[in-house]
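All residue numbers in this chain count up from 1 along the given sequence.
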Amino acid sequence: MKPAQAGPTRTAPPRMPDNFPGRGNYLGYIAFGMCGFVLFAVSFLLLRAVWALGTGERAWMSLMEEFTNPIYILFHVFALVALTWFALRFFRLFPKTQPPRIGPFKRPPDAFFAVVLNGGFIAVSALVIAVLWGAVL
């Protein structure tokens, strides 16, 4: 569609920002976005594990044997580091989205959100590790 009459100014042609992606926060933004692919891959592995559990003991043992492959081990180590970084970076966004007042109360300081969210993440991670280790049932 064409406007009825020409506007007062023209838009500039699109161009990449100066020194993209080497300077600024571009690499962090790209890495944060790419963690979506890691989440996607981990979710498919999780679905595969649940499917193997439902199929029977032979399928489960076969999957556990496959997971001893060094490629799977390297991927899981990479996924652990990448998704931990992703979660902690995501939690830093949370205070910026909160309104100045939450009901009748003033919004807590940003440090409160950082301590509660990161502390909760560490506590839940420790609980999951303890369950998987066999220390907690």
Side-chain angles (χ1 to χ4, degrees):
M1 291 177 58
K2 190 173 172 183
Q5 50 182 291
T9 59
R10 295 188 339 245
T11 58
R15 66 180 181 88
M16 297 296 276
D18 294 335
N19 298 322
F20 177 82
R23 294 184 52 186
N25 292 329
Y26 298 117
L27 290 177
Y29 297 150
I30 291 170
F32 187 76
M34 295 299 284
C35 280
F37 292 111
V38 177
L39 283 166
F40 192 64
V42 168
S43 66
F44 272 114
L45 284 175
L46 183 64
L47 286 174
R48 186 173 172 215
V50 169
W51 187 271
L53 270 173
T55 303
E57 187 175 350
R58 181 184 294 167
W60 176 253
M61 296 310 281
S62 173
L63 181 68
M64 289 298 104
E65 187 175 319
E66 284 181 36
F67 280 169
T68 61
N69 186 327
I71 293 172
Y72 273 119
I73 293 172
L74 284 174
F75 172 76
H76 284 112
V77 168
F78 169 74
L80 175 69
V81 171
L83 295 179
T84 300
W85 175 80
F86 176 82
L88 294 176
R89 186 174 168 118
F90 184 77
F91 291 155
R92 284 195 337 221
L93 295 174
F94 189 77
K96 297 173 185 168
T97 64
Q98 298 307 302
R101 298 196 64 78
I102 300 173
F105 305 107
K106 281 182 61 179
R107 187 183 128 199
D110 289 349
F112 172 79
F113 288 113
V115 168
V116 169
L117 290 172
N118 291 334
F121 178 74
I122 291 169
V124 169
S125 297
L127 179 65
V128 168
I129 289 170
V131 168
L132 292 176
W133 198 275
V136 177
L137 189 53

Just wondering, do F113 and N118 contact through their side chains at under 4.5 Å, heavy atoms?
no
Is any side-chain heavy atom of F32 closer than 4.5 Å to one of C35?
no
Are P108 and V116 side-chain neighbours, meaning at least one heavy-atom pair lies under 4.5 Å?
no
Does a side-chain heavy-atom distance below 4.5 Å link I30 with M34?
yes
Name the orientation class of the two ring planes belonging to F90 and F86 (parallel below 30°, tilted from 30 to 60°, perpendicular beyond 60°).
parallel
Any link between V38 and Y29 through a network of hydrophobic side chains (Ile, Leu, Val, Met, Phe, Trp, Tyr) touching at under 4.5 Å?
no
W60 and E57, any side-chain heavy atoms less than 4.5 Å apart:
no
Does I129 share a hydrophobic cluster with L88, counting links as ILVMFWY side-chain heavy atoms below 4.5 Å and allowing steps through other members?
no
Got a donor-acceptor contact below 3.5 angstrom from the T84 side chain to the V81 backbone?
no
Sub-4.5 Å side-chain heavy-atom contact between R101 and R107:
no
Is there a continuous path of hydrophobic side-chain contacts, each under 4.5 Å between heavy atoms, that joins M64 to V131?
no
Between L63 and A49 the two heavy atoms that sit nearest each other are CD2-CA, 3.4 Å
To the closest 0.5 Å, what do you measure between CG (L93) and CG (L117)?
11.0 Å
Would you say that M61 contacts E66 through its side chain, given a criterion of any heavy-atom pair below 4.5 Å between the two side chains?
no
What is the ring orientation for F91 with F121, classed by angle as parallel under 30°, tilted 30 to 60°, or perpendicular over 60°?
perpendicular
Please check if atom CZ in F112 has more than 12 non-hydrogen atoms from other residues, nucleotides or ligands closer than 6.0 Å.
no
Tell me whether Y72 is reachable from L53 by hopping between hydrophobic residues (I, L, V, M, F, W, Y) whose side-chain heavy atoms are closer than 4.5 Å.
yes
More than 12 heavy atoms of other groups within 6.0 Å of L47 CG
yes
Under 4.5 Å between side-chain heavy atoms, hopping through other hydrophobics if needed: is there a path connecting L83 to L80?
no
Answer whether the closest heavy-atom distance between the side chains of S62 and R58 falls below 4.5 Å.
no
Determine whether more than 12 heavy atoms belonging to other residues, nucleotides or ligands lie under 6.0 Å from atom CH2 of W51.
no
